[in-house]
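Heads up: the structure comes next, in structure tokens.
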Amino acid sequence: MIDFIAEYLGLPLVPPSLGGGNRSDFRTGANFAVGGATALDCELLKNRGIPCYLDNISLGVQLDWFRKLLPTLCDSSGGGAGKSISPAHLLFFPVVANNSLVLLGEIGGNDYNFAFSSGISLNKIQELVPMVINTIGLALKEVIKFGATNILVPGNFPVGCVPRILSRFRSSNPRDYDPSTGCLAQYNQFAQLHNEQLQMELNDTRRLYPHVNIIYVDYYNALMPVYLSPKKFGFTGGVLEPCCRFTGGVLKPCCNGGMNRSTICCDEPSTYVNWDGIHFTEATYRLIVKGIMKDGSLTNPNLNASSCLVGDP
């Protein structure tokens, strides 16, 4: 998502912080995300019977990477008149002078997805939500201490519309589905529970830091119009089925560049909402970002990024 925000604002794509390079590579931003990363530590998840496939990349670890990167960006040896740069000026997206934009999330999706795949009941998985929200809240306070003053904190997507969830939890009971979208209703209700608790946490943090612009980003309602009226947005190929899928019935992600011969990929990914059963297509990500950044109607408080545009989005 972060690259599509950069693209919308007319900024360079954001390099991964673990990709090497020198401090000049990160002058326009750094991306600390890792595929499969969780909010909660793997040990905690495993103790609850939830598989966790990658150790040492949880949100706390990513924050530590951020903390360690900041000193390398201070220009104390030539080139910059010998002046150190404030951390408030070194966060991910410098969009105007002496200002920055931090994207914190979306966080928690992997924790929940791993729990879904483990066969644990949805009621038990709901016990994770307060822990995930607390972890996000602590991370938010941490980046504020680093100097961040403009922070986007996204909520969860409507996971009941995700093909992987629809495939794994296919039901013969029509009442399990939202008749207007075909999505699994209880999984979308779960996403809404996460989003409600996240917004409560953000409100509490705003009271502690009234000088910080903490902006909730409504990923859920950015996508629901697409599921309600997909053709209106150009998604004529597939809505609840992914572009890239496996033969043989069971839907699995295909992140191997098509090297697996049992993978079938569509001819026109831009006409599909979902790419591989879990992730969205580029067309969907661009649509979400445009909806969020254009007029601020999907953010709280309202965000209007038009004054930040560098080029034509």
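In what follows, every heavy atom counts, from backbone to side chain, and hydrogens, waters and symmetry copies are set aside.
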Output, in order, the C-alpha distance, side-chain angles, deciding distance and verdict of side chain to side chain donor-acceptor pair (under 3.5 Å) for D178 and S180.
-> CA-CA 6 Å; D178 180 344; S180 63; 2.7 Å; yes
Taking C-beta and beyond as the side chain, do D176 and F169 meet within less than 4.5 Å on heavy atoms?
-> no
Pair D55 + K46: basic N to acidic O under 4.0 Å | yes
Stepwise disulfide bond (SG atoms under 2.5 Å apart) test for C243 and C266 | CA-CA 5 Å; C243 168; C266 65; 2.0 Å; yes
Are Y220 and F157 close enough, and set up right, to give a ring pair (Phe, Tyr, Trp, His ring centres under 6.0 Å), and what steps lead you there?
-> CA-CA 5 Å; Y220 188 97; F157 297 105; 9.5 Å; no
Output for pair (L40 CG, I136 CD1), nearest 0.5 Å, gives 9.0 Å
Exceeds 12 heavy-atom contacts within 6.0 angstrom, atom CG of D267 | no
K141 NZ: over 12 foreign heavy atoms closer than 6.0 Å | yes
Kindly check if the number of other-residue, nucleotide or ligand heavy atoms within 6.0 Å of NZ (K145) is above 12?
-> no
C161-C183 sulfur separation below 2.5 Å?
-> yes
Kindly assign one of parallel, tilted or perpendicular to the pair Y112 and H194, based on the angle between their ring planes and the thresholds 30° and 60°.
-> perpendicular
Taking atom types as modelled and ignoring hydrogens, do the side chains of S58 and D41 form a donor-acceptor contact shorter than 3.5 angstrom?
-> yes
Would you mind checking if R206 and E201 are paired as a salt bridge, meaning a charged N to carboxylate O distance below 4.0 Å?
-> no
Which word best sums up how the rings of Y53 and F114 line up, parallel for under 30°, tilted for 30 to 60°, or perpendicular for over 60°?
-> perpendicular
Got a sec: does the CD of Q197 have more than 12 other heavy atoms crowding it under 6.0 Å?
-> yes
Taking it one step at a time, do C265 and W275 satisfy side-chain contact (heavy atoms from CB on, under 4.5 Å)?
-> CA-CA 9 Å; C265 288; W275 167 242; 4.2 Å; yes
Check: S117 main-chain N/O paired with R168 side-chain donor or acceptor under 3.5 Å = yes
Atom CD of E127: over 12 foreign heavy atoms under 6.0 Å | yes
